[in-house]
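The structure under discussion appears below in the form of structure tokens.
Just so it is clear, the model here is predicted, and its values are computed rather than measured. Below, all heavy atoms of this structure are taken into account, side chains as well, without hydrogens, waters or symmetry copies.
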Amino acid sequence: MSFYEMSFELTNKCNLSCLHCLRDKADMRSYIPVELFDSILKQAKSYNLQHIAFTGGEPTLHPHFSRIIDTVVKYGYTYHFVTNAWNFLAVWKILNDPRFPGRLSKLSGVSISLDGATEKTHDYIRGKGSFKKIMQAISILKIKGIDISVQITINKKNFHEIEQMAMLASELGLKRLFYAHLEPTDRAYEQDLVLSPQQYREAEQRVERLKSVMKIEINFSLGHHEPLMFFQCRALTMYSPNVDYKGRLTFCCQLSGYTDAPEQELDTVADLNTVNLYDAHKMWADMIHKFNIDKIEFIKSGGATDLDYFPCFYCSKYFNKIDWIQKYKDDPWAKDYIKTKHRHAEKKHISGKKDR
Ligand code: SF4
Ligand code: SF4
């Protein structure tokens with residue numbers, strides 16, 4: 001089901017500095033202009049798109065967050081947003097404003113990043129006070145009956161809390177719980193957060209067991225080990241196009257603004273400030289086609305390894321996001337990278353005629 005929803009990184013600004021953050025902090029702070037956002041949503045209507053997702057940075061820090069939500073409501077989409085909850089009381093005032101009932105009626109849920117089953121673990125990763133802010137946000141959302149999802153990014157510091165996390169989510173009465181693998185970053189290595197591939201697999205098996213015994217809905221986010229080498233994820237089936245904080249359509253939200261990447265542009269499809277959504281869509285389809293052809297060639301070459309069954313790890317190599325990993329030469333991910341180092345994505349111009 002392609003083009004079902006669109007995901008927007010409203011801003012790259014964030015009020016936290018989480019140890020495992022994937023986003024490039026060096027880039028200048030930017031926010032999607034409301035006018036551009038409006039224009040994209042208007043064009044998206046012709047796809048009968050249903051839903052808008054907001055990520056960041058911290059999306060609620062967009063200075064015109066209320067206008068952004070009102071634009072979603074104006075075009076009749078539902079929406080949800082991902083948040084670290086630090087800014088939640090201010091956001092709640094906007095959402096709960098009785099003059100704008102659509103802000104709540106179109107809100108399908110809130111997704112909160114919770115990185116530990118205990119205050120100590122979560123705050124170690126996300127900063128002191130974060131856990132309390134999340135519990136406060138959850139209690140407000142629960143009173144209003146709004147669906148709450150939480151996502152935990154598994155790393156060395158919370159690996160032992162995988163089961164405890166499901167218990168906590170269940171006790172809190174949350175709608176669903178997502179587990180995600182940590183995508184490697186230089187800082188995550190420095191902080192000793194990165195698990196081995198065997199531990200990634202162990203985490204997946206433990207989550208699989210939880211799925212069968214817990215009543216709460218449990219999922220593993222994209223990036224886990226796939227049994228098929230030619231796996232087609234949500235990005236590759238164009239289910240949820242991602243627009244970054246500069247207003248550019250990117251190949252996939254997982255790769256967008258990847259910190260310490262030697263080249264940030266390789267996964268940029270088109271600048272929607274200058275290219276209309278339909279032409280950008282065609283460019284994305286071409287890029288996915290090239291990606292798939294290159295992957296078939298890679299498989300044919302016999303060079304694929306066990307770690308290429310982690311599809312996001314494959315992509316991080318393909319789009320040249322993790323070249324720095326070579327300095328951790330004894331690490332299994334780095335060894336694989338050095339062994340299979342390959343890159344097929346090509347640089348291209350992303351500007352175009354202004355015709356949206
Ligand atoms: S992980 Fe999310 S909340 Fe944490 S610093 Fe990065 S963008 Fe902000
Ligand atoms: S990084 Fe690659 S495999 Fe992972 S979600 Fe994005 S496109 Fe799909």
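- Ring geometry for Phe251 against Phe291 counts as tilted: the plane angle lies between 30° and 60°, on a 0 to 90° scale.
- Looking only at distances, a side-chain donor or acceptor of Arg206 sits under 3.5 Å from a matching main-chain atom of Phe159.
- Glu161 and Thr118 form a side-chain donor-acceptor contact under 3.5 Å, judged by distance and modelled atom types alone.
- Between Phe310 and Trp333, the distance separating the two ring centers is shorter than 6.0 angstrom.
- In this structure, Leu61 is not a member of the same hydrophobic cluster as Val72, with clusters built from ILVMFWY side-chain heavy atoms closer than 4.5 Å.
- In this structure the side chain of Phe88 never reaches within 4.5 angstrom of the side chain of Gln136, judged on heavy atoms.
- Under 3.5 Å, the side chains of Thr305 and Lys339 contain no donor-acceptor pair of N or O atoms.
- Under the 4.5 Å side-chain criterion, counting only non-hydrogen atoms from C-beta, Ile162 is in contact with Ile154.
- In summary, Asp286 and Lys282 do not engage in a salt bridge, as defined by a charged side-chain N under 4.0 Å from a carboxylate O.
- Using a 4.5 Å heavy-atom threshold, the side chains of Phe54 and Ile69 count as touching.
- Arg103 has its side chain within reach of Ser66: a pair of non-hydrogen atoms, C-beta onward, lies under 4.5 Å apart.
- A side-chain donor-acceptor contact under 3.5 Å links Asn242 and Ser7.
- Residues Ile146 and Leu114 share a hydrophobic cluster, clusters being chains of Ile/Leu/Val/Met/Phe/Trp/Tyr side chains in contact below 4.5 Å.
- Hydrophobic cluster membership is shared by Leu10 and Leu249, with clusters built from Ile, Leu, Val, Met, Phe, Trp and Tyr side chains linked at under 4.5 angstrom.
- At distances below 3.5 Å, not a single donor-acceptor pair connects side-chain atoms of Arg29 with backbone N or O atoms of Cys14.
- A distance of 6.0 Å or more separates the ring centres of Phe37 and His64.
- Proximity of a side-chain donor or acceptor of Thr71 to a complementary backbone N or O of Arg67 within less than 3.5 Å is detected.
- Paired with Phe65 under the rule ring-ring contact (aromatic ring centres under 6.0 Å, His included), one option of Phe81, Phe8, Trp92 passes, and it is Phe81.
- Side-chain polar atoms of Thr11 and Glu58 form no donor-acceptor pair below 3.5 angstrom.
- Within 6.0 Å of the NZ atom in Lys25, the count of heavy atoms belonging to other residues, nucleotides or ligands exceeds 12.
- Between the OG1 atom in Thr60 and the CG atom in Asn87 there is a gap of 4.0 Å [rounded to 0.5 Å].
- At a threshold of 4.5 Å between non-hydrogen side-chain atoms, the residues Lys295 and Met229 count as touching.
- By the 30° and 60° cut-offs, the orientation of the rings of Phe298 relative to Tyr314 is tilted.
- Side-chain polar atoms of Tyr75 and Asp38 form a donor-acceptor pair below 3.5 angstrom.
- In this structure, the ring of His62 has its center no less than 6.0 angstrom from the ring center of Tyr245.
- Under the 6.0 Å distance and 45° angle rule, Arg201 does not count as a cation-pi partner of Tyr309.
- Taking the six-membered ring for Trp and the full ring otherwise, the centers of Phe313 and His181 sit at least 6.0 Å from each other.
- A donor-acceptor pair under 3.5 Å links the side-chain atoms of Asn273 to the main chain of Lys246, judged by distance alone.
- A continuous path of ILVMFWY side-chain contacts below 4.5 Å connects Tyr328 to Leu19, so both sit in one hydrophobic cluster.
- To the nearest 0.5 Å, the span separating CD on Glu9 from OG1 on Thr55 amounts to 5.0 Å.
- By the 4.5 Å heavy-atom criterion applied to side chains, Thr259 and Asp186 are not counted as neighbours.
- Side-chain N/O atoms of Asn12 and Ser30 include no donor and acceptor closer than 3.5 Å.
- Although no hydrogens or angles enter the test, the distance criterion places a donor-acceptor pair under 3.5 Å between the side chain of Ser2 and the main chain of Thr237.
- A distance-only check finds a donor-acceptor pair linking the side chain of Gln43 to the backbone of Leu277 [under 3.5 Å].
- A donor-acceptor pair shorter than 3.5 Å cannot be found between the side chains of Ser256 and Asp244.
- Considering only heavy atoms from C-beta on, Thr185 stays 4.5 Å or farther from His20 through its side chain.
- A distance-only check finds no donor-acceptor pair linking the side chain of Ser39 to the backbone of Glu35 [under 3.5 Å].
- With no hydrogens or angles considered, no side-chain donor-acceptor pair links Asp147 and His80 at under 3.5 Å.
- The side chain to side chain contact (heavy atoms under 4.5 Å, CB included) with Tyr179 is formed by just one residue from the set Glu204, His224, Met165; it is Met165.
- Residues Arg99 and Asp97 are paired through a salt bridge, judged by an N-O separation under 4.0 Å between the basic side chain and the carboxylate.
- Under the 6.0 Å distance and 45° angle rule, Lys45 counts as a cation-pi partner of Tyr77.
- For Ser301 and Glu297, the side-chain atoms include no donor-acceptor pair closer than 3.5 Å.
- Panel note: side chain Asp271, backbone Arg248; no donor-acceptor pair is recorded below 3.5 Å.
- Put simply, the side chain of Asp267 reaches to within 4.5 Å of the side chain of Lys321, judged on heavy atoms.
- Ile299 and Leu228 are assigned to two separate hydrophobic clusters, defined by single-linkage of ILVMFWY side chains at heavy-atom distances under 4.5 Å.
- Side-chain atoms of Gln50 come within 3.5 Å of backbone N or O of Asn48 as a donor-acceptor pair.
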